[in-house]
Novice: 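Provided herewith is a single structure, encoded as C-alpha cells, for subsequent inquiry.
Model, not experiment: these values are computed from the prediction.
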Amino acid sequence: MAARAGSARPYWLWYASAMAVLVVATPFLRPAALRGAAGLGSAAVVIAALAWGIRAHRPRYTLAWRLLLASSVYTVVSNVLWPLLTSPSGTDVFYYTTYPLFGAALAVLPVQGRRHLWSSGYTEAGIIAGGAAVVWWTLLVDPLVTDPGRLPDQPHVAVFPLLDVLLFALALRLLLLGGVRSVAYVLIALTTFTLLTADTAYFVAVVAGGGAPLVSSVCWVLANGLLGTAALHPSMAVTQPAPTDAEVLEGLGSTRIYIVTVVATPIITGVYLLHEVAADAVAAADIIVPVGATAVTSALVVTRMRQINQVARRRAVALQASLTRQEELQSELRHQAQHDSLTGLPNRDLLYERITAALAAERTGALIVADLDGFKEINDRFGHAVGDELLLAVAGRLLDLVPDGSMLARLDSDEFAVVVQDLDDAACTRLAERFLSATREPFTVQVHELFATVSLGLRELDPDLLTGDVLRDAYLALHAAKAAGRDQLTRWAPALSEEKLAVSRTVERLRGAIERDELVVHYQPLVRLADERMTGVEALIRWQPPGEPMIPPDKFIAAAEDSGLIVPIGTWVLHRACEVVAGWQRHGHPVAASVNVSPRQLREPDFAALVLDALRTSGLPPASLILEITEGVLVASGAVTEQTIRHLQTLRARGVRVAIDDFGTGYSSLAYLRDLPIDHVKIDKSFMPADAGDPALRAMVKAIVDLAAGLRLGTIAEGVETAGQAAFLRELGCERAQGYYYSRPVPEAEVLAAFLGHKSVL
C-alpha cells in the first residue's frame, strides 16, 4: 500500500496544480459560455480522477468511491443535456439524481468495515447543519422566496441549496467519524461547502433575474478540483481508526459548536422576527420555517444530551467495574505479599504487624519461633518435593494446636512462628511443649515415614519492647535450643542477650586483633611412644592482647566460626606453622606440622590451592604437613562434603597427610574409615582412663587401635597426662601421643629447648 501510494503521489499534486490554474483563470474567461465549458471540462476530469484513484490506490472498500464516480457521471450528463432540453426542469431531474448518489457515498465512506458506526454521527451533524440551515433560511432564502414579487421564474432552483445543506451535514458526519487527519475526507467536506456556496449564489442570481454568476462558476470548478484531488490523494485508501464516544463528542470542537449553534440560532431567528414584526411584513413562512427548524435542532440537541448521558452512564459502570476489579487485584496482591505461597500461612511481614499490634494493645502472650531439626538432610536425601510436603504436614499439625486469637506464620524455609495472645506465661509454655510432643510423632509423606522434631525459642510479649526486639530475643532463645541439642524449648533470659552481646564484642575485638597482629601460634609436641622422641608438633592458635592475660581458644574460636573470621585466621595459622616447621627442618630438626582445619575453611572452593600455596612459599615438604579435621565433616552428606573430599584427595595426591581429630566422640563412623581419604586417627582425650586398669576404656581404646592397624592407619592419642597412661597406650600398640605429660603448648622459641637432648625423627 505504501509503495502504491508513494508512486501515485505526483498525480494528485499535478491534478491539484492544474485545477488551481483553471480556478484562477475561470473569472477571466469570455464569453460566459467558456466558463460553462470550463465547468463541464472540470466535471469530466473528476470522472477520470475518481477512476484512476480507485485503480491506483486500490482501497479496501470501494463502494463509496464508486458512488462518487456515479454521481460525477450524472453531473456530466446533466451538464451535457442542459443546453439540449427546452425545459430546464427536465435537466434538473438529472441534477437531482446526483444528490442521492453523493449523499449515499458520504454516508457509507466513514463506516465501511465498521458496522457498529452505521447509525453514529447523524445527531451531531444534524445539530450543526440544522443551526446553519436556520441562519441560511432566515438571512438569505426567506427574504427572496417569500416576499411578494420576488419569486423566481424557476423556483425549483431553491432546491439545490437545500440539498447542498444535507450534503454538508453528511460531510460533517464524515469528519466526525473519520477525523480531520484524512486529507481526502477534508477535501470532500470542502467540496460540499463549495457546492453550497455555488448553488446559493446561483439561487440569489436567478431570483434577481440574472444567469449563473461568476462566483458560482468559480465554485463549481473549485468543487470539481477538490473532489478529484481527494480521489487521487493516497489517504483515500487508508481506513481511519474508529473514534471513541469521547472523540465523537470532541471532534471538530463539537462541544463548542453545539453551544454556538444552540445559542446563536434562536438569537438570530428572534432578531429577524422582531425586524419583520417592526416592518409589518410577517408571513406564515417567516414563523413556521425558522421556528420549526429551531425546534428540530433543539430536539437533536436533547437527543445528543441523552446520548451523552448514556455514554456517561456506560463509562460510570465501566469505571465502577474497573475500580472493583482493581480493589480485588489489590486485595489479592496484598494477600500474596503477606502470605506464604506454599502453606498459605501469614509471612514475616504480617507476623510483624500482628506483634506490633499486640504490643501496642499491651496484650499478654508470647512469640514462639520454631525451626525444624535436620530439614536440610531430608531435602538432600528425598528431594525438595518431599520437603515441601513435609512442611505442609508440619504446618497443619501446628495449626491444629494454635488457639483462637493467635497466629501461625511461616518465616523462612523451615522456620515457623506463633504469636500467642491473651495467655499467661505458663499457658504459653504448655502450648510450646504441645508443639514439641506433636512433632515427635512421625510424618507420613508420600511413601516415607519421616521424623521432623522442632527446636523452639520463646519470648514473652513486653509492651516496653519494640517488635524487632521481641523477634531478636525469640531467635536468641531458638539458637540456644539448637545449641543445647535440639528438640527442646528454650525461654529467653537476660543471660542469652548478655552472651550474644559478649560474642559480638569478641568478634569485634577479634577483627582488631587480626589487624594488630595479636594472634600467636603455640606448638604442642607429638611423641613416638616406642622411644618417646618428638616426631612433630600441633600448631594451636592463641590470642595475646597487649597488657592482658592470654585468651584461650575456647573463648573465641566459636565466635570466629560463626562470624567467618576463622577462614582468614586458619589461613594465617597454616602459613605460620609451615614457615616455622620448615625453618626447623633447615636447621636439622625434621619434625612434621599438624594444623587444625575448620569445617568453614573446607567449604571454601580454593582451600586446596591455599594449602599448596602455603607449602610452596614456605618450602615445607607436603609429607611434613598433617591436616586435622573433625570426623563429622567427612561422614555428613551433601555437596559441601563432596567438595571437602575432593580437596583432601587433591592434597593427599600431592603427599599431604590427613588425620581425623577427636575420633569416636560424635559419630558411629568406624565403617567409613576404609573409604575416606585419611592417614591417621587421633583418639580423643576422653578415652584416656584415670585408672589404667579400667576394663571398659581399655577395651574401647584397643578396638580403635586394632581397627586402625588393620586399615593401615596411624594412631595418635590426645590428652596423655601421666606415665601410666603413656605405658597403657604403649602396651595397646598406639603409635604416638601428645599431652601435658610431655609438654603443654609452648611458644615457638621454647619447643626445641623443651626437648633438648631428644633426637627428633619422622
Side-chain angles (χ1 to χ4, degrees), residues 521-528 534-542 552-554 557-558 560-561 566-567 569-578 580-581 591-604 607-608 610-612 614-615 618 620-636 641 644-645 647-652 654-667 669 672-673 676-688 704-705 708 711 713-720 734-739 742-745 751 762:
V521 179
H522 285 192
Y523 302 89
Q524 186 173 38
L526 300 177
V527 177
R528 188 170 61 192
M534 184 172 67
T535 62
V537 292
E538 180 179 359
L540 300 170
I541 186 72
R542 295 291 184 268
D554 59 351
I557 288 297
E561 288 275 2
I566 195 66
V567 174
I569 291 175
T571 301
W572 178 81
V573 170
L574 175 65
H575 277 269
R576 182 61 182 161
C578 289
V580 169
V581 174
V591 295
S594 183
V595 179
N596 291 281
V597 177
S598 162
R600 179 66 180 79
Q601 290 179 263
L602 291 168
R603 291 202 296 269
E604 296 296 313
F607 173 75
L610 289 173
V611 174
L612 295 176
L615 293 172
S618 65
L620 183 70
S624 297
L625 177 62
I626 301 174
L627 299 179
E628 296 188 14
I629 61 175
T630 60
E631 56 182 308
V633 173
L634 295 177
V635 300
T641 298
T644 296
I645 292 177
H647 284 325
L648 298 181
Q649 289 174 338
T650 299
L651 294 173
R652 290 181 76 240
R654 300 293 184 92
V656 177
R657 292 177 289 174
V658 179
I660 293 184
D661 195 15
D662 301 330
F663 182 79
T665 59
Y667 294 83
S669 54
Y672 293 91
L673 295 180
L676 293 178
I678 57 176
D679 301 281
H680 302 283
V681 172
K682 296 193 73 173
I683 304 172
D684 187 71
K685 62 182 179 181
S686 61
F687 292 99
M688 293 300 103
I704 295 174
V705 172
L711 295 174
L713 299 176
T715 51
I716 304 172
E718 298 180 292
V720 178
C734 183
E735 296 179 346
R736 304 181 189 184
Q738 67 181 97
Y742 299 106
S743 173
R744 292 176 176 270
V751 173
L762 282 173

Novice: Distance from Ile678 atom CD1 to Leu711 atom CG, nearest 0.5 Å?
Specialist: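 Between Ile678 CD1 and Leu711 CG, I get 8.0 Å after rounding to 0.5 Å.
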Novice: Can you list everything that forms a side-chain contact (heavy atoms from CB on, under 4.5 Å) with Glu735? Sequence neighbours excluded, please.
Specialist: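 Partners of Glu735 by the side-chain contact (heavy atoms from CB on, under 4.5 Å) criterion, ordered by chain and then number, come out as Thr715.
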Novice: With a 4.5 Å limit on heavy-atom distance, are the side chains of Arg542 and Pro745 in contact?
Specialist: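 Yes, close enough: below the 4.5 Å cut-off.
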Novice: Please report the closest heavy-atom contact between Lys685 and Gly719, naming both atoms and the distance.
Specialist: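 Shortest heavy-atom contact: CB-CA, 3.7 Å.
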Novice: Could you pull out all residues at least two apart from Val656 that satisfy side-chain contact (heavy atoms from CB on, under 4.5 Å)?
Specialist: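 For Val656 the side-chain contact (heavy atoms from CB on, under 4.5 Å) partners, ignoring immediate neighbours, are Leu615, Pro622, Leu625, Leu627, Leu651.
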Novice: Gln524 pairs by side-chain hydrogen bond (donor to acceptor under 3.5 Å, both in side chains) with which of Glu538, Gln738, Glu718?
Specialist: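 Considering Glu538, Gln738, Glu718, a side-chain hydrogen bond (donor to acceptor under 3.5 Å, both in side chains) with Gln524 is found only for Gln738.
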Novice: Measure across Cys578 and Ala614 and return the closest heavy-atom pair with its distance rounded to 0.1 Å.
Specialist: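 Residues Cys578 and Ala614, closest heavy atoms: CB-O, 4.2 Å.
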Novice: When rounded to the nearest 0.5 angstrom, what is the spacing between CD1 in Ile660 and CD in Glu628?
Specialist: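 Nearest 0.5 Å value for the CD1-CD distance: 11.0 Å.
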Novice: Do Trp572 and Val521 pass the side-chain contact (heavy atoms from CB on, under 4.5 Å) test, and can you show the C-alpha distance, the side-chain angles, and the key distance before you say yes or no?
Specialist: CA-CA 10 Å; Trp572 178 81; Val521 179; 3.6 Å; yes
Novice: Kindly say whether Thr630 contributes a backbone atom to a donor-acceptor pair with the side chain of Asp661 at under 3.5 angstrom?
Specialist: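 Side chain of Asp661 to backbone of Thr630, a donor-acceptor pair under 3.5 Å: no, none is there.
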Novice: Taking all atoms of both residues into account, what is the closest heavy-atom pair of Glu561 and Ser598, and its distance?
Specialist: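 Heavy atoms only, the tightest pair is OE2-OG, 2.6 Å.
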Novice: Just to verify, which of Asn596, Val595, Val597 counts as forming a side-chain contact (heavy atoms from CB on, under 4.5 Å) with Val573?
Specialist: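 When side-chain contact (heavy atoms from CB on, under 4.5 Å) is applied between Val573 and each of Asn596, Val595, Val597, only Val595 qualifies.
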Novice: Calculate, to the nearest 0.5 Å, the distance between atoms CG and OG belonging to Leu526 and Ser594 respectively.
Specialist: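 That separation rounds to 6.0 Å.
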Novice: Grab the two heavy atoms, one from Arg654 and one from Leu612, that are nearest each other, plus how far apart they are.
Specialist: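 Taking Arg654 first and Leu612 second, the nearest heavy atoms are NH1-CD1, 3.5 Å.
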Novice: Could you report the tightest heavy-atom contact between Arg576 and Tyr523, atom names first, then the distance?
Specialist: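 The pair with the smallest heavy-atom distance is O-OH, 4.0 Å.
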Novice: Look only at the side chain of His680 and the backbone of Arg657, and say whether a donor-acceptor pair between them is shorter than 3.5 Å.
Specialist: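 Checking the backbone N and O of Arg657 against the side chain of His680, no donor-acceptor pair under 3.5 Å is found.
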Novice: So do the side chains of Ile557 and Ile569 get within less than 4.5 Å of each other, counting heavy atoms only?
Specialist: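 A side-chain contact is absent here, since even the closest heavy-atom pair is not under 4.5 Å.
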Novice: Can you name the closest pair of heavy atoms from Ala592 and Val581 and give their distance?
Specialist: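 Shortest heavy-atom separation between Ala592 and Val581 comes out as C-CG1, 4.2 Å.
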Novice: Using side-chain heavy atoms (C-beta onward) and a distance below 4.5 Å, is Val720 in contact with Val527?
Specialist: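 A side-chain contact is absent here, since even the closest heavy-atom pair is not under 4.5 Å.
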